[in-house]
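Take a look at the structure set out below.
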There are 4 protein chains.
Amino acid sequence: MSSRADAAAEKRLKILEASIHVFARQGFAAGRISDIADQAGVAHGLVYHYFDSKEAILDELFSERWELLVTMIAQTADEDIPARDKLALVAQFIVDSYHYGPDLMKVIIVEVTRAVNTFGKTHLEEIREAYDLIAEIVRRGQKAGELRDEIAADYAALAFYGATEQVLTGWIFDLMPSQEEDFDRAAAFIVETVCGGLGMPAH
Amino acid sequence: MSSRADAAAEKRLKILEASIHVFARQGFAAGRISDIADQAGVAHGLVYHYFDSKEAILDELFSERWELLVTMIAQTADEDIPARDKLALVAQFIVDSYHYGPDLMKVIIVEVTRAVNTFGKTHLEEIREAYDLIAEIVRRGQKAGELRDEIAADYAALAFYGATEQVLTGWIFDLMPSQEEDFDRAAAFIVETVCGGLGMPAH
Amino acid sequence: MSSRADAAAEKRLKILEASIHVFARQGFAAGRISDIADQAGVAHGLVYHYFDSKEAILDELFSERWELLVTMIAQTADEDIPARDKLALVAQFIVDSYHYGPDLMKVIIVEVTRAVNTFGKTHLEEIREAYDLIAEIVRRGQKAGELRDEIAADYAALAFYGATEQVLTGWIFDLMPSQEEDFDRAAAFIVETVCGGLGMPAH
Amino acid sequence: MSSRADAAAEKRLKILEASIHVFARQGFAAGRISDIADQAGVAHGLVYHYFDSKEAILDELFSERWELLVTMIAQTADEDIPARDKLALVAQFIVDSYHYGPDLMKVIIVEVTRAVNTFGKTHLEEIREAYDLIAEIVRRGQKAGELRDEIAADYAALAFYGATEQVLTGWIFDLMPSQEEDFDRAAAFIVETVCGGLGMPAH
DNA sequence: TATGAATGAGCGTTCATTCAT
DNA sequence: GATGAATGAACGCTCATTCAT
């Protein structure tokens with residue numbers, strides 16, 4: 001009984017994976033449903049059995065992953081560690097997300113996070129939530145006296161997230177080397193760059 | 001004699017301005033040539049009298065503006081002022097660019113700078129040039145002992161540019177307030193955030 | 001099982017037949033895809049399900065038919081009959097082709113065989129093959145002493161084919177009557193005209 | 001006074017010559033008015049000062065030349081020489097026409113004489129006139145006992161003209177060599193081929 | 001579930017022609 | 001006469017989506 005259900009779920013997953021690949025390589029606009037179906041090894045009609053539309057696939061791709069990020073940031077924010085360590089964990093999480101699944105992160109960044117006229121608009125609340133949680137980390141760090149409060153927390157959050165995403169963009173555009181060692185150093189660099197400035201200057 | 005040439009050049013400009021408006025509001029993909037023509041008050045055929053294709057319009061829009069940025073960064077890099085001031089000038093220039101022409105900057109950021117599968121690829125070298133020049137500013141600052149050299153200059157440049165662009169994105173997405181005062185503070189915040197970390201920590 | 005495949009193949013044929021009709025009546029350039037679709041009773045999108053482009057339809061129309069002609073000439077060339085009879089068979093085949101499917105032959109002659117700047121160029125090798133085979137028939141006839149060898153075989157082939165095609169053109173242009181009896185006499189006239197000259201003059 | 005008129009006439013001629021070149025190389029459909037204007041070294045608007053339309057140019061190109069041919073055939077028909085010599089003169093005239101102006105003859109053959117759906121239809125009467133005159137030559141030859149009358153004169157005319165035009169087509173398609181010597185032999189071959197058959201067989 | 005034939009809205013682009021200067 | 005900016009009809013092609021089987 002469940003073998004059929006399993007087989008079905010498997011196909012659904014295959015379509016999702018194929019979509020990641022196709023959207024990463026061709027972009028959402030140029031990626032055809034038939035490309036996805038080919039890549040997944042199914043008839044293109046079947047895609048519509050599992051998803052309502054091409055957009056719905058991207059929606060699911062984004063939301064599923066982004067929720068992980070939001071959850072992770074929320075949990076990290078609540079931990080009892082210095083703000084700087086929290087940001088380091090967030091940066092590392094994002095870098096790792098790219099490291100272990102560059103195509104999906106590419107799709108999320110290129111097709112959603114920055115697509116103000118299309119999907120960004122749809123997922124604005126989810127995106128905002130992540131920014132807000134990062135700002136919350138900053139705010140708590142400021143309240144705890146760990147971070148300077150001259151800088152508005154929301155600007156700081158934007159800067160932190162922007163710096164991180166731009167490093168990923170550097171890899172995506174192949175403007176920056178992306179060897180193992182680069183993934184290892186990246187998060188540290190980002191935090192060092194941003195937090196050095198956010199951290200209280202020693203006298 | 002020149003009245004006809006002037007009138008022609010004027011129409012060309014109108015088309016360019018209409019394109020900025022249309023691409024900013026609808027995005028490049030959804031922005032129709034007929035929308036541009038309507039907005040410019042000309043027949044759609046005229047668009048093809050002045051431009052080879054829809055892509056060529058975006059290309060020109062981007063390149064013309066980006067060249068200004070690159071030139072500005074190059075000149076700034078050569079000035080005899082502290083690295084931190086140089087970065088402040090660059091950030092301010094970008095913020096001002098958005099302030100005085102948000103639609104064009106929106107188009108550049110959303111449709112080119114981050115569009116790895118489409119126009120970003122085409123303009124990669126121009127984009128890289130800007131990053132390289134920023135990295136050069138950082139490198140000179142490090143050599144002069146103004147900036148810490150624990151952080152690789154190219155990462156720092158990426159972080160700086162990313163932070164700046166993300167603030168613009170915040171405005172574009174309407175996630176951040178964009179009153180006069182916000183434009184005034186933004187560049188200072190960005191530099192304060194990023195350079196605090198790059199600057200030598202005081203003992 | 002095959003009912004669906006059959007229905008599909010049937011539609012494909014309908015499109016092909018509609019194309020013959022449309023191209024014959026309006027010409028290739030003026031024949032619209034939508035005309036073909038209308039004529040075939042399908043949506044115009046379906047045409048692109050079966051064919052890559054408007055050109056591809058004409059290509060298939062031509063090649064399929066022309067191959068029959070080439071095969072026929074080749075077989076005839078190898079038969080053990082007088083050269084004059086071979087040419088008579090070829091002329092008759094061409095005349096019959098027109099008789100039983102004037103639209104397709106019209107398309108082939110008007111849009112391909114004589115279209116040096118467009119399709120003729122594409123199908124030059126196929127066209128040349130037919131001429132060469134006719135020349136081969138002449139050459140063998142000359143070698144066998146059946147035909148005079150004062151006339152170069154390739155000129156003779158060209159003249160023979162040209163005379164034949166021109167008769168078809170006369171019908172196409174409605175410059176010549178095309179009743180049943182005319183189809184019956186045509187091939188004989190052509191061969192009589194051309195071969196009288198090629199045949200050894202009696203002393 | 002007439003210098004201005006001369007200059008104007010000169011431009012008109014340049015446009016006509018440019019049209020021959022452009023239509024020969026690109027075909028009528030693909031040959032743009034702007035190509036013609038460029039080639040002639042004038043603004044494309046000027047073309048419409050001298051001609052009503054693109055079609056009108058081709059019309060004039062064809063009619064002017066074709067009239068020469070018709071006049072020549074008519075005169076030849078009336079001469080007091082054997083029918084075979086008349087046909088030889090006609091064939092030679094056509095071959096020479098190509099020899100000394102291949103582009104114009106290419107345009108006439110490819111774009112008019114064989115274009116049943118477009119210009120051929122327009123110039124049908126002119127075309128028919130030429131065929132009729134050739135048929136008249138044959139008819140007189142038959143009446144004079146010089147040519148066999150088993151073959152209907154109109155078929156013979158078509159065959160003769162078709163054979164001749166096909167040789168030109170062979171040159172146009174570059175299927176046949178077109179050196180000086182080939183032009184010298186061609187007409188003789190054609191007449192030898194066709195008239196051998198039309199001429200009374202020797203006993 | 002699964003297939004792929006069928007649909008049709010939608011848009012970029014071309015280019016002959018016009019006409020103000 | 002001459003220019004070339006301006007117009008707009010026209011059409012090939014793409015592809016997301018539907019649905020009969």
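Note on naming: letters A, B, ... go to the chains in the order of the sequence lines (proteins, then strands), and numbering restarts at 1 for each one.
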Euclidean distance, [Y] [atom2] relative to [X] [atom1], rounded to 0.5 Å:
{"X": "C:Ile33", "Y": "C:His44", "atom1": "CD1", "atom2": "NE2", "value": "9.0 Å"}
{"X": "D:Ile108", "Y": "D:Asp103", "atom1": "CD1", "atom2": "CG", "value": "11.0 Å"}
{"X": "D:Met105", "Y": "D:Arg65", "atom1": "CE", "atom2": "CZ", "value": "7.0 Å"}
{"X": "C:Gln39", "Y": "C:Arg25", "atom1": "CD", "atom2": "CZ", "value": "6.0 Å"}

Mind calculating the distance between [atom1] ([X]) and [atom2] ([N]) to the nearest angstrom?
{"X": "C:Lys14", "N": "E:dA6", "atom1": "NZ", "atom2": "C1'", "answer": "14 Å"}
{"X": "B:Tyr48", "N": "F:dA6", "atom1": "OH", "atom2": "C1'", "answer": "16 Å"}
{"X": "B:Leu58", "N": "E:dG12", "atom1": "CG", "atom2": "P", "answer": "13 Å"}
{"X": "B:Glu55", "N": "E:dC11", "atom1": "CD", "atom2": "C1'", "answer": "14 Å"}
{"X": "B:His49", "N": "F:dA6", "atom1": "NE2", "atom2": "P", "answer": "6 Å"}
{"X": "B:Ile15", "N": "F:dT7", "atom1": "CD1", "atom2": "P", "answer": "9 Å"}
{"X": "D:Leu46", "N": "E:dC19", "atom1": "CG", "atom2": "P", "answer": "17 Å"}
{"X": "B:Ile57", "N": "E:dT13", "atom1": "CD1", "atom2": "P", "answer": "9 Å"}

C1'-based separation of F:dT21 from E:dT1 [nearest Å]: 13 Å
OP1 or OP2 of E:dA6 under 4.0 Å from side-chain N/O of C:Lys11: yes
Phosphate-side-chain proximity, B:His44 and F:dG8, N/O vs OP1/OP2 below 4.0 Å: no
Non-hydrogen side-chain atoms of C:Val110 and C:Phe23 separated by less than 4.5 Å: no
Pairwise side-chain contact, A:Leu16 with A:Phe51, heavy-atom cut-off 4.5 Å (strictly under): yes
Which nucleotides of DNA chain F pair, in dot-bracket form (Watson-Crick or G-U under 3.5 Å, | meaning another strand): .||||||||||||||||||||
Within residues 19-40 of chain D, residues whose heavy atoms come under 4.0 Å of DNA chain F: none
Sugar-phosphate, base or nothing in reach of D:Tyr50, heavy atoms under 4.0 Å: sugar-phosphate
Kindly list each side-chain donor-acceptor pair under 3.5 angstrom involving residues 117-124 of chain C, sequence neighbours excluded, with atom names and distances?
unit_1, atom_1, unit_2, atom_2, d
C:Thr122, OG1, C:Thr118, O, 3.4
C:His123, ND1, C:Glu126, OE1, 2.6
C:His123, NE2, C:Asp59, OD1, 2.8

Nucleotide nearest C:Ala8 (side chain, heavy atoms from C-beta), chosen from E:dA5, F:dT17, F:dA2: E:dA5
Worked verdict on D:Glu10 versus D:Asp6 for side-chain contact (heavy atoms from CB on, under 4.5 Å): CA-CA 6 Å; D:Glu10 201 179 308; D:Asp6 284 358; 5.7 Å; no
Salt-bridge present (B:Lys14, B:Glu17; N to O < 4.0 Å): no
